[in-house]
Q: 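Here it is, the structure, as structure tokens.
Just so it is clear, the model here is predicted, and its values are computed rather than measured.
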Amino acid sequence: MKQITKFNVNRLVIENGSLYIENREDNLIKEVPVALIYNGISHAVMMCTPEDLEDFAIGFSLTENIIQHKQEVYGIDIVEGCYGIEVQLEISTRRFNELKEKRRSLVGRTGCGICGVEQLEQVQQSCKNFPESHRLHHIHPQILENALLQLEQAQSLSKLTGASHAAAFFTPEGKLLAIREDVGRHVALDKLLGWYAINNQPLGFIFVTSRASYEMVQKCLACGIEMLCAISATTEMAVSIARENHFTLLAFTRKGKTTIYSGSHRLQIS
């Protein structure tokens with residue numbers, strides 16, 4: 001399924017005090033319902049850009065703690081339908097039984113509105129027991145500026161539509177290994193984390209074009225990522241989780257500057 005649809009539109013233009021209408025062709029990003037189905041049971045429906053869905057399925061499954069390792073996914077089928085796309089995963093019996101138990105425990109509870117979490121204490125529980133990783137160190141600040149330039153150049157979907165977020169993975173030396181774009185920033189990150197798991201967790205860091213919310217820090221931690229750079233802002237909860245887990249969190253990362261909120265020990269700043 002294509003990621004872009006072309007539409008004929010009218011564009012209002014004001015030039016030298018005069019207003020006129022020009023007809024033009026515009027690129028609109030596609031946003032489709034994607035159902036994630038585990039062992040025949042539908043678990044979630046997400047609005048996504050219809051590309052890199054296998055990466056998304058693996059990344060979502062890991063960051064939502066449905067699986068612990070990519071090897072626990074035995075097969076993935078992507079089926080296009082009239083109303084959207086089904087991503088059908090076959091996972092281990094153990095993980096599927098855990099998922100069913102988790103689903104049963106949600107019935108009848110009052111939701112707090114945080115990404116499907118049904119009780120407030122579950123937010124804090126999901127912040128614990130992240131795998132420890134201390135492989136990354138001595139990232140020179142100049143590498144961040146070079147990474148930012150590569151990130152801007154690599155956003156093909158954003159250039160065409162102006163409507164996508166991106167998440168990109170860089171080596172410690174600043175080489176771009178992968179980029180994933182999507183209409184949703186969380187989905188873009190899940191897609192990248194799926195690529196990361198499928199490609200045996202190479203050493204490096206992630207750069208995102210959005211703000212760094214606590215969910216995005218949690219997703220990185222759940223997959224063993226040690227460093228997240230954001231072009232935009234971060235939040236108090238994201239910083240708290242990052243500091244508790246010795247995670248490197250940078251925000252307002254622009255040309256010639258960044259703000260270090262946590263984990264300065266991974267940066268070469270002296």
Side-chain angles (χ1 to χ4, degrees), residues 33-48 52-79 81 84-135 167 169 178 180 182 184 186-203 206 214-226 241 244-247:
V34 174
L36 294 160
I37 299 173
Y38 294 88
N39 295 16
I41 304 296
S42 181
H43 176 70
V45 177
M46 309 291 287
M47 298 303 296
C48 308
D52 302 309
L53 293 181
E54 185 170 333
D55 289 346
F56 173 55
I58 295 293
F60 179 89
S61 300
L62 287 166
T63 60
E64 292 296 314
N65 199 31
I66 295 170
I67 61 172
Q68 298 295 315
H69 307 284
K70 65 177 181 179
Q71 291 85 356
E72 292 172 328
V73 176
Y74 299 151
I76 300 177
D77 291 319
I78 297 174
V79 181
I85 301 174
E86 289 186 354
V87 181
Q88 301 171 355
L89 297 93
E90 186 70 25
I91 62 175
S92 71
T93 301
R94 176 183 177 184
R95 296 306 176 198
F96 182 58
N97 288 336
E98 290 175 353
L99 179 60
K100 288 194 295 184
E101 189 62 35
K102 187 186 301 183
R103 287 170 60 85
R104 278 197 294 270
S105 71
L106 300 181
V107 177
R109 293 179 178 176
T110 301
C112 67
I114 303 178
C115 295
V117 172
E118 296 294 313
Q119 290 189 325
L120 291 174
E121 59 264 31
Q122 288 181 269
V123 178
Q124 294 302 321
Q125 288 173 358
S126 64
C127 298
K128 300 175 182 177
N129 301 319
F130 293 118
E132 291 188 9
S133 182
H134 302 287
R135 300 185 298 158
F169 187 88
R180 294 292 181 267
D182 197 89
H186 289 170
V187 176
L189 181 57
D190 278 339
K191 287 180 176 180
L192 184 68
L193 291 171
W195 167 89
Y196 174 75
I198 291 169
N199 287 273
N200 301 314
Q201 300 180 314
L203 184 62
I206 287 178
Y214 90 92
E215 301 104 318
M216 300 185 85
V217 172
Q218 282 190 166
K219 287 176 182 292
C220 288
L221 282 164
C223 293
I225 297 291
E226 299 177 54
I241 295 171
E244 288 171 6
N245 291 277
H246 310 290
F247 181 79

Q: Which atom names give the shortest non-hydrogen contact between Lys191 and Leu53, and what distance separates them?
A: CE-CD2, 4.5 Å
Q: Mind telling me whether Trp195 and Phe169 have parallel, tilted or perpendicular rings, with 30° and 60° as the class edges?
A: tilted
Q: Consider only side-chain N and O atoms of Asn97 and Lys102, and report whether a donor and an acceptor are under 3.5 Å apart.
A: no
Q: Ion pair present between Arg180 and Asp52, side-chain N to carboxylate O less than 4.0 angstrom?
A: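 Counted as a salt bridge, because a side-chain N and a carboxylate O are separated by less than 4.0 Å.
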Q: Calculate, to the nearest 0.5 Å, the distance between atoms OH and CD1 belonging to Tyr38 and Ile66 respectively.
A: 3.5 Å
Q: Quick one, Ile58 and Ile76 - any side-chain contact, counting heavy atoms below 4.5 Å?
A: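 Yes. Closest side-chain heavy atoms under 4.5 Å.
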Q: Would you call Arg94-Glu98 a salt bridge at under 4.0 Å N-O?
A: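 Judged by the 4.0 Å cut-off on N to carboxylate O distance, Arg94 and Glu98 do form a salt bridge.
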Q: Quick one, Cys223 and Thr63 - any side-chain contact, counting heavy atoms below 4.5 Å?
A: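 Yes, at least one pair of side-chain atoms sits under 4.5 Å.
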Q: If every non-hydrogen atom of Arg135 is compared with every non-hydrogen atom of Gln201, which pair is closest and at what distance?
A: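 In terms of heavy atoms, the two residues are closest at NH2-O, 3.2 Å.
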Q: So do Phe60 and Leu193 actually touch side chain to side chain, heavy atoms under 4.5 Å?
A: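 Side-chain contact under 4.5 Å: no.
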Q: Working to the nearest 0.5 angstrom, can you tell me the gap between Cys220 SG and Ile225 CD1?
A: 6.0 Å
Q: If we only count heavy atoms from C-beta on, is the Leu89 to Ser61 side-chain gap below 4.5 Å?
A: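 Leu89 reaches Ser61 side chain to side chain.
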